[in-house]
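Notes follow once the structure below has been shown.
Worth knowing before you read on, the calculation uses all heavy atoms, side chains too, and leaves out hydrogens, waters and symmetry mates. Values in this document were obtained by computation on a predicted structure and should not be read as measured data.
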Amino acid sequence: MDRPWRFLAIAILLVLVVLFYSDWRAFQSATRDAGQTRQILQATHALLASLTDAENGQRGYLLTGDRRYLTPFESAEAKLPVELRDLSAAAAASSRYLPDVARVETLTREKLAEVKQTIAARDHESPAAALAIVRTDHGQRTMGEIRSICSTIMSAETESLTTRSREAEHHANRFRSIVLLGCLLLAFLLFRLGSAVDTVIADRERFASSADEARQQLQTTLSSIGDAVIATDTAGAIRFMNPVAETLTGWSSDDALVRPLEGVFHIVHESTRAMVESPVRKVLREGAVTGLANHTVLLAKGGGEIPIDDSGAPIRDRHGKMLGVVLVFRDISERRTAEQELERWKQIFIHAGFGMFVVGPRDDKIEDLNQAFAALHGDRVEELRGRRLAELAAPEFRDQLSAALKLAAEKGRHLLEVNHLRRDGTEFVCLMDITAIRSEKG
């Protein structure tokens, strides 16, 4: 995904998390408060029910004297301590109605004491004595105050329960809305992400196709050129060889790949047979383009020896990091033969027993000469090189010599006899064989 969409996705997720957490906390708080309210309502209702049962049992027993009517009272007497404890715990948990609950506890004990007193009077004295206690209205006032306090608590808690339930429902609805909105946004972002991923995949496929085409084109180019090419990684292991390199080294690409270069490209000095450092190693060490020394011979796999020259260059990525080395070399057997032949003729020219010289094609300046020619004129080679040939002839023969040079240039060869001058001014007769030397283009 592009950066704005990525930031938008992160922002939406953060907002959803914050809203989700906020509503979850509010929902939890409303639910907890509603639970506490229900506990207070249930405890208050249970307390009132037990006190009412106790009061009804008292009245029935006082009127009839039948102890079966005391069963509700006895049951209520057993349950009231537990119910008072539950009401106190619920009030303490919510930190509400603590004084009212304490007052209810006191009044409940008073009411139970009044009920027990009337029952005892009925049992040990007379019904009239018990009724006399009832007519004091102390028990009725106590019960009325208990009902009033409980009614106040229950009314307030009922209203609170309604409010808490509405809050819990509101937060639940908003929570569902946030989840739904988040799902829709995330679905949209997933769709956008899928589109971006498809674009990236398509771009990468195009890039891979272009890179493969470029690699194939480069490999085809390297395979088609007339020079031998070997590419290595930074460890010196061969990664590519073109057919010319296979032919010269005697190694196939399949056998040479991943081998160390020295095992395939084995070179020595032509004369000394000393090992020559691989230019790849030198490139890896120096990080620059380098070449072989002269008179280097490649020892092919089959035992043949091939004179070569080469150059190595680092392969770098766009950040300048070295990825490997490319080595380019060629067979110079023909050139070496020509050089040797040229050297042989040069030695013949230098050491010949008769004088030899070379003049330029447009003038008669001496470009080269041998020692015998210089000795004939009583001079040194260095002193005659660059002088005009006519200066070495006797004055009366100079025009004839110039004409002879032109004639040789036209016909290819001309023979004449002229007098030359020595350094001391004496003359000697010289038979000259002038031959034109032409290039392949004439």
Side-chain angles (χ1 to χ4, degrees), residues 217-234 236-316 322 324-352 356 358 367-368 370 437-442:
Q217 184 177 4
L218 177 60
Q219 189 168 358
T220 301
T221 301
L222 293 177
S223 299
S224 302
I225 63 176
D227 290 339
V229 179
I230 297 178
T232 73
D233 57 20
T234 54
I238 296 175
R239 295 299 184 184
F240 171 79
M241 285 180 65
N242 71 350
V244 180
E246 292 180 355
T247 301
L248 294 182
T249 62
W251 289 83
S252 66
S253 293
D254 295 338
D255 293 335
L257 288 182
V258 193
R259 283 179 176 270
L261 179 68
E262 289 80 358
V264 175
F265 187 71
H266 187 200
I267 51 179
V268 298
H269 191 274
E270 184 177 22
S271 301
T272 66
R273 314 305 291 179
M275 293 288 295
V276 178
E277 182 185 18
S278 167
V280 172
R281 292 296 177 189
K282 192 173 182 181
V283 170
L284 291 174
R285 183 177 66 253
E286 300 179 0
V289 178
T290 185
L292 285 175
N294 293 328
H295 308 291
T296 302
V297 174
L298 170 66
L299 303 181
K301 183 179 181 182
E305 297 185 5
I306 304 171
I308 63 169
D309 64 5
D310 78 339
S311 64
I315 303 172
R316 301 183 184 275
M322 186 179 292
V325 175
V326 59
L327 175 66
V328 181
F329 58 99
R330 62 188 61 84
D331 182 356
I332 59 170
S333 298
E334 293 183 2
R335 192 181 78 186
R336 184 63 54 82
T337 301
E339 289 174 352
Q340 292 172 352
E341 186 69 14
L342 180 62
E343 179 63 24
R344 188 171 71 87
W345 282 109
K346 184 176 181 180
Q347 293 301 318
I348 293 174
F349 176 82
I350 293 173
H351 299 292
M356 299 180 70
V358 179
E367 294 183 355
D368 204 358
N370 65 357
I437 304 173
R438 300 183 184 278
S439 68
E440 293 180 356
K441 296 181 179 180

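- Between T249 and M241, some side-chain heavy-atom pair lies under the 4.5 Å cut-off.
- By the salt bridge (Lys or Arg N to Asp or Glu O under 4.0 Å) test, D255 is found to be paired with no residue, residues two or more places apart in sequence or in another chain being considered.
- Here R285 contributes atom CZ and K282 contributes atom NZ; the two are 7.0 Å apart, rounded to the nearest 0.5 Å.
- Put simply, the side chain of N242 gets close to the backbone of V229: a donor and an acceptor are under 3.5 Å apart.
- With values rounded to the nearest 0.5 angstrom, E246 atom CD is found 8.0 Å from D254 atom CG.
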Run V244 and I225 through side chain to side chain contact (heavy atoms under 4.5 Å, CB included) and show every step you take. CA-CA 8 Å; V244 180; I225 63 176; over 6 Å; no
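- Here CG of D227 is found 10.5 Å from CG of L327. Values are rounded to the nearest 0.5 Å.
- When only modelled atom types and interatomic distance are considered, S333 and D331 share a side-chain donor-acceptor pair under 3.5 Å.
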Let me see the working for K346 and E343 under salt bridge (charged side-chain N to carboxylate O under 4.0 Å, His left out), right down to the final yes or no. CA-CA 5 Å; K346 184 176 181 180; E343 179 63 24; 5.1 Å; no
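- Residues L248 and A228 come closest through the heavy atom pair CD1-CB, 3.9 Å.
- Residues passing the salt bridge (Lys or Arg N to Asp or Glu O under 4.0 Å) test with E270, sequence neighbours excluded: R336.
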Checking T232 against F265 for the side chain to side chain contact (heavy atoms under 4.5 Å, CB included) test, could you report, in this order, the C-alpha distance in whole Å, the side-chain angles of both residues, the deciding distance, and whether it holds? CA-CA 12 Å; T232 73; F265 187 71; over 6 Å; no
Show, in sequence, the C-alpha distance, side-chain angles and deciding distance for E305 and L298, and conclude whether the side chain to side chain contact (heavy atoms under 4.5 Å, CB included) test is met. CA-CA 6 Å; E305 297 185 5; L298 170 66; over 6 Å; no
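- Contact detail for P314 and V289: the closest heavy-atom pair is CD-N, 4.0 Å.
- In plain terms, the two heavy atoms of H269 and V276 that are nearest each other are N-CG2, 3.5 Å.
- Residues F329 and I230 are in side-chain contact: their nearest non-hydrogen atoms beyond the backbone lie under 4.5 Å apart.
- A heavy-atom distance below 4.5 Å is not found between the side chains of W251 and I238.
- Contact between A231 and I315 at its shortest, heavy atoms only, is CB-CD1, 4.5 Å.
- Between M322 and V283, the closest heavy-atom pair is CE-O, 4.0 Å.
- A donor-acceptor pair under 3.5 Å is formed between the side chain of N370 and the backbone N or O of M356.
- Considering CD1 of I332 and OG1 of T337, their distance stands at 10.0 Å, rounded to 0.5 Å.
- Under the salt bridge (Lys or Arg N to Asp or Glu O under 4.0 Å) criterion, E334 pairs with no residue, sequence neighbours left out.
- Shortest non-hydrogen contact noted between R239 and D233 is NH2-OD2, 3.0 Å.
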